[in-house]
Amino acid sequence: MAEATTLRDRDQSGAGDIESDSHWAQLAQQHWPKAVKSKKTNPEVIKKEIWDVLEHEAFHFRSLLVLENLQLLENYLWPGYTEASTNHHVLLIALLVTAKSRENLPIWNAFAGDSERFSSFFRRVLSMSIDPSLSAPIRAHLLSYLLSAFQSLDNGLVRKECAPLVSISIWHNLASETARERKFEEHSQLRKAWRAAAKKYEAAGEEARARLRFERSWLYTLLLDFVGRLYQASEGDLVYCEKFLEFLTDLESQLPTRRYVNSLIQDLNLLALIRISPMFNTQDNDLLRDLFALFRHFASFPVDDNTGSQHSKAQSYERHCEHLARLQRTALRHFKEKLTVLALSNYGAINKRKELEEFLLQLTDAELEEMCLLLGFRTAYPPAANVPVNRELLMEIMLFAHEKRKTFQETVRDLSTQPTETELYEPSLLRNENYNGSRSLAIPKLNLQYLSVGDFLWRSFVLYRCEQFFEVRKYLEDTIKRLQPRGSGSAGGVHFEGFSKMALPITKPAILEAAPAKVGFDQPAYVRAEVTLNLSKLTDAVRHDWDSLRRGDVIYLLTVESTEASPILTNGHSKQSSEEASGLLALRTAEVLQLLDENGRSIREQRPDQTNGYGSRPRIRRLIINLDPSAFKADGELRKKGRPDVYESLNVIVRRSQRENNFKKILETIQSLALSDVPVPAWLQEVFLGYGDPASATYARLSNRLEVIDFRDTFIDWQHLVDSFPGKTVEPEDKKLESCLPPYVLQYTTTSAPAVQPRSSKKRRRDDAEPMQQRPESVKVSTYRPPASGPYLSDAPKHNSVRFTPVQVEAITSGTQPGLTVIVGPPGTGKTDVATQIINNIYHDFPSQRTLLIAHSNQALNQLFQKIVKLDIERRHLLRLGQGEGDLETEESFSKYGRVESFLDNRALLLYEVDQLAANFGAPGAHGSTCETAGYFNSVYVQPAWAKFWDTANDADSSAGDITSSFPFHHYFQNAPQPLFPSEANKNEVLDIVRGCEHHISKVFTSLEDIRPFEILRNNRDKTNYLMIKEARIIAMTSTHAAMRRQEIADLGFHYDNVIMEEAAQITEVENFIPLALQNSKDGELPLQRIVLCGDHLQNSPIIQNMAFRQFANLEQSLFLRLVRLGVPTITLDHQGRARPSIAGLYKWRYPSLDHLPNVLVESEYLRANAGFKYEYQFIDVSDYKGTGESQPSPHFFQNLGEAEYAVAIYQYMRLLGYAASKISILTTYAGQKALIRDVLTHRCKGNRLFGLPKIVTTVDKYQGEQNDYIILSLTRTRGPGYLRDLRRLTVALSRARLGLYILGRRSVFDYSPEMIQAFKLPLERPDKLMLTTGEIFPASRLLTDEVKGTEMEGVEHLGQYVFEMTQAKMEMSRRGEKGLPTQEAEIGAGAGVLEDEEEAGVGARVGPLEDEEMDGEGGEVKVEEEPDESELDEIT
């Protein structure tokens, strides 16, 4: 999988510039040396040597990034900032903060702890942002800084400065007192807030008053300046206005900033002013118009600005009608002669722009202005705004206020989920592809807060649609490039000189049927077509892939022409240059309905001419498809106008792998949710939207919290229980006992909450949020004797064996309670074990509730599910949905059909048990023939027998012998471990055994009762649906499966009470949300009791390839991360049991409270050294190999041959010492390097049983959630740290190893970067040359703490020579029948070795990206192929 796209400029800057004799490097060495913070700055240096150079380069991002890497901000500008600093000093700080923001780096860390100076600096920025003497480009940079600030309101330092700028005080700038009064009448709280602001002003001193006046006028001044630029533009104003529209959109899109700003914008008639401005109507300003459309969407969004409640469709229409009624009343009262018809018309006749304009044309200019004033619209502006108040403006104000606009639901409904060439090459989408951070984009952002759930779903739909259409276009363009079309669409036709296994040339599809439109729709219900595929020239593997097409798969029908041919017209429109360059002239999307052979039979049926699956090579396939009906309707309308029929020219069919081609179903799911006004649980509403108390959804704040919890097998023993509540009193409920045995039932006793201290402000402070729960002062413990489960070993319950830490117990407690639980699990801290125990507790404590398990990947979900299978949970209650079920390492199948088969298999076994019970009673008849007859048998024979027995057993005078002799099931239990009733057993013990027997028999009949519906239902689909909605209590699926199948699952009536989500920080926010809405609402809300999110926001986020969507739109944001940013209480697990303590120390700086479990401190594998290595971890400085460091054969495809050779040499060395290949993984940070390492491995190791292949070679991103004993990590880059500056990826890279980590990189790169300093502090304290030890084989007898002399490897050639000589010696010993290392070790020489010899033999490493045919669907990971046993390591074939 390719590395996430990065800025081209960024890729050209880095350590190469930092360490060279460049201007910036010399400047840094002279004025702010590395790791030295200078509190004295030289204004001349700032102006002449930094500012002037940057200004001459037009503030090129490459230079800004180099200066940021050189820590200009941290070490020079900010330490030296004072109130007397120059404007250039302030501007440089703002520029560098913006550069950090564009790179997703921590922005505000440098300013932390210095609020006074930061406040002073922020005021300077605000003052300069309205300074008319500054040029538009400079003010645009300042706006970028302010954009970053208003997107960081979770930071208290920033929030303190931003909040006053958008407070109610800005209403001083409304047109009149009357306008304010109208606002106050809407909500009484507004008048109170206004009076409070006035009191604050009156109580302030003169200096504070001046500050308050500035705060309330700042935004108004900016707005007037913006309007003036729209009407009298000068150079640079366009980019500034685009940036300002982005700024206003951000303010409107979050309720705290929108609440008072929206009223000011409406008062200024800003939308009308923009629409008629000269800049807006300039033909080339498409981006400005797109930004205006986005701004208008948020400014008109149907939400109450004060309460935050979204208006329903009916409420929105009612409000619109009120505005029209007011217009009609005004017209009738004041303009009766001219507007009587308008006043008497129905609403539908006057809510359209054209019709309303015709009515208003009858008014003179003066009358139109009078009407605007009567309706409360502003008609006068300050001279600074340069606004001509003329008829055009007044008319636009009236029309804009009263025209009916589409709701956001209607907008979503009208957007297609299937792309055509028009959507793929839409200018706005192409603009997103070329994003470099310098201009704004007209796409919504995922913010910290949302206006409503509908707003969140609208943003998610638009962004996901754009991102997926971008992926489709890149994929199709790449496929066309591989096909190499030649010729033209004329008589000669187009032919293809290339090949792609994902595409086939076709003749035009045959339209079979266009079904009539459904009621309420104007497009065909479906359009069925047939496409003929010729597979005769394909290989068996490729043909099998085409034969694997299944119902519902999305395929693409293309009109492709050679890029050498002259452009043609498609649907009457000349194609854009980008489309001509790609050769893609038309695209229609379709869904597979059926795949048939040449005889019309389903391809999945066994052909009669086949023997054991083999037969003649198939030639023809008939693909029945459903075309996109909306596109078909549009094409038909164009045909009627004389345009060419696009279906006549389709000549290529393209498919994609199923894993990446599921976008249509996911888009339809998001679309349906946006249209359905799906709610979230009432207790989660405010927290999800980002308002109110962040802790309000935790169990301590909920009225239905549990006072008593049965923890079952959570605690191992009494001491474990006591240790789990440090500082609290744990006492048995029975005060006569000092302790008791598990299971434990805990009752929490808390002290009364302290009185709430009055606050100086009524506004809630995020920093004042109360902790997640009030810790109990004491815990009362009771116990009980678990009911006997039966006399057989299989009846014995399974118990937890994990000794949970106190924090893990806190997480289990919170997860068992109702409400929201957010668990942060650093690497190796056992968050999966915690989730498993939460599931176990819920399953047993709440038998009527159902739990949904969600994970991002099949692998993580299967790991969780396999642990659940080992719990004391009946397997009939478990269900695993999705394709990944086949990878479960379990004896049984847990898929829907596997569970049905298991039920039917169990039915036969249980009915046999019924027959055995019948034999016990000597009852004649076929009692075990069906579940129904078994039920009758139970009621007629078994239940009366138990009733009679318990009459005897409950007699106080009965003895153990009497109970034993009256037991009616001796014959049935004769195959149980004997004796069933030990002779020494007392009465209580005998009764306990009897209860176990009763439980065993009862379980037989309850299980048969559960199976009975499967006996009645005849259709397999009905059986599987019944299983899912009635029988299964724990249902597991991936987030992708949930998104694809949401509507289908909800329509079945599926319901659940709890959601537990693994890898929650790796799932996009909309895919976090969809699993919460897999069921239909009840009584207007979703009936969820618990939501448990497990993840780690300090590791990788969701992977988004396009930088515009990742950085600008923040599409990589997960719900988990957003909740953490909002201040929702989290539980951070604090003991790791994966890695050696020393290796865990490499990422402890990210998790300050991280400690170690006892196993990593005492077990031998953690105490022993790594054989052949002096150190268990080491950073190895890899210099240029043959004069070359990193290379880039194609964009973003980074490779480093020296590191690739070094990584493979280390792997070979380890294999020669006896390390198991399955215990070694090779990771890299770039897909290009992964491909290169694979090539080197294939040449040097594959097929050689002495080496074999490592367990996996993959990228860091792909390896999150995985671990191995030994990791070889290639960082690849030599000119800059690349995307590792994202500390989340770096954390993943350093935390995958358990016992050994060997990092290959360029020291000068990672030693200098400010983000890297802490990460590589420990490794760089050791030598940066690989240190080996001689005379050792795996496993080592040496302890990690033992001192040993190391041998230094000078470089890759040195190590290569050493490995080559070891290999030769090993092979020679093998020929002599000897084993182990040579007695005389190979001499460690420093000359050129095996690498050169092999290259001279003609072996070269890959220097370009893999072809499509060489990559597998999972990113081309190398896995063990026929790995030899350890005993074979010394044998050479």
Side-chain angles (χ1 to χ4, degrees), residues 699 706-750 772-787 789 796-817 821 823-826 828-845 864 867-868 870-873 1060 1092 1094 1131-1138 1141 1144 1153-1163 1166:
Y699 74 87
L706 305 174
E707 300 297 336
V708 178
I709 300 178
D710 185 351
F711 278 90
R712 303 284 170 173
D713 58 351
T714 302
F715 303 104
I716 305 299
D717 50 41
W718 179 262
Q719 189 58 46
H720 181 205
L721 174 63
V722 173
D723 293 342
S724 298
F725 296 94
K728 307 300 175 184
T729 302
V730 180
E731 54 187 9
E733 192 173 42
D734 186 350
K735 297 186 178 180
K736 297 179 181 179
L737 301 175
E738 292 185 0
S739 65
C740 51
L741 296 175
Y744 298 120
V745 179
L746 272 57
Q747 179 178 357
Y748 298 99
T749 303
T750 58
M772 189 191 72
Q773 64 181 56
Q774 187 178 350
R775 292 300 299 269
E777 294 298 326
S778 64
V779 180
K780 288 189 177 181
V781 183
S782 60
T783 188
Y784 60 93
R785 185 180 181 86
S789 53
K798 302 170 186 175
H799 293 290
N800 162 58
S801 59
V802 179
R803 200 174 188 89
F804 294 110
T805 67
V807 176
Q808 287 176 322
V809 169
E810 182 183 356
I812 293 169
T813 302
S814 180
T816 307
Q817 290 271 12
T821 299
I823 302 173
V824 179
T829 52
K831 58 180 177 291
T832 304
D833 289 327
V834 170
T836 303
Q837 191 61 34
I838 291 172
I839 294 164
N840 189 44
N841 288 354
I842 293 173
Y843 175 84
H844 288 288
D845 291 351
L864 176 61
K867 290 193 174 187
I868 295 170
K870 297 176 182 178
L871 298 175
D872 187 30
I873 293 176
I1060 296 178
V1092 180
C1094 303
I1131 301 171
T1132 303
L1133 307 183
D1134 60 353
H1135 281 72
Q1136 70 88 25
R1138 170 191 293 175
S1153 62
L1154 188 63
D1155 208 339
H1156 312 289
L1157 291 172
N1159 66 304
V1160 300
L1161 302 175
V1162 299
E1163 292 181 6
Y1166 295 101

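We're numbering straight along the sequence, starting at 1.
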Quick one: are [X] and [Y] in side-chain contact, heavy atoms under 4.5 Å?
{"X": "K831", "Y": "L1133", "value": "yes"}
{"X": "T714", "Y": "T813", "value": "no"}
{"X": "N1159", "Y": "Y1166", "value": "yes"}
{"X": "T836", "Y": "L864", "value": "yes"}
{"X": "I873", "Y": "N840", "value": "yes"}

Mutual orientation of the aromatic rings belonging to W718 and Y744 [parallel < 30°, tilted 30-60°, perpendicular > 60°]: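 W718 and Y744: perpendicular rings.
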Is there a donor-acceptor contact under 3.5 Å from the side chain of [X] to the main chain of [Y]?
{"X": "E733", "Y": "K780", "result": "no"}
{"X": "H1156", "Y": "L1161", "result": "no"}
{"X": "D1155", "Y": "D1134", "result": "no"}
{"X": "Q808", "Y": "T829", "result": "yes"}
{"X": "T783", "Y": "P743", "result": "yes"}
{"X": "S814", "Y": "E810", "result": "no"}

D872-N800 side chain donor-acceptor pair, cut-off 3.5 Å: no
Positive for side-chain hydrogen bond (donor to acceptor under 3.5 Å, both in side chains) with Q837, one of D713, T832, T816: D713
Side chain to side chain contact (heavy atoms under 4.5 Å, CB included) evaluation trace for V730 with V781: CA-CA 7 Å; V730 180; V781 183; 3.6 Å; yes
Taking all heavy atoms of [X] and all of [Y], pick out the closest pair and write down the distance.
{"X": "V1160", "Y": "R1138", "answer": "CG1-N, 4.1 Å"}
{"X": "A835", "Y": "I1060", "answer": "CB-CG2, 4.3 Å"}
{"X": "V834", "Y": "A811", "answer": "CG1-CB, 3.8 Å"}
{"X": "S724", "Y": "V809", "answer": "OG-CG2, 3.5 Å"}

Distance (rounded to the nearest 0.5 Å) between C740 SG and D734 CG: 8.5 Å
Criterion salt bridge (Lys or Arg N to Asp or Glu O under 4.0 Å) on R712 and D710, from CA distance to verdict: CA-CA 6 Å; R712 303 284 170 173; D710 185 351; 3.4 Å; yes
salt_bridge(R803, D833) N-O dist < 4.0 Å: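 Not counted as a salt bridge, because no side-chain N and carboxylate O are separated by less than 4.0 Å.
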Chi angles and distances behind the side chain to side chain contact (heavy atoms under 4.5 Å, CB included) call for N841, I812: CA-CA 9 Å; N841 288 354; I812 293 169; 3.4 Å; yes
Side chain to side chain contact (heavy atoms under 4.5 Å, CB included) assessment of K867 paired with L871: CA-CA 7 Å; K867 290 193 174 187; L871 298 175; over 6 Å; no
K870 NZ: over 12 foreign heavy atoms closer than 6.0 Å: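 At most 12 heavy atoms, drawn from other residues, nucleotides or ligands, come within 6.0 Å of this atom.
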Full working for side chain to side chain contact (heavy atoms under 4.5 Å, CB included) between V745 and I709: CA-CA 6 Å; V745 179; I709 300 178; over 6 Å; no
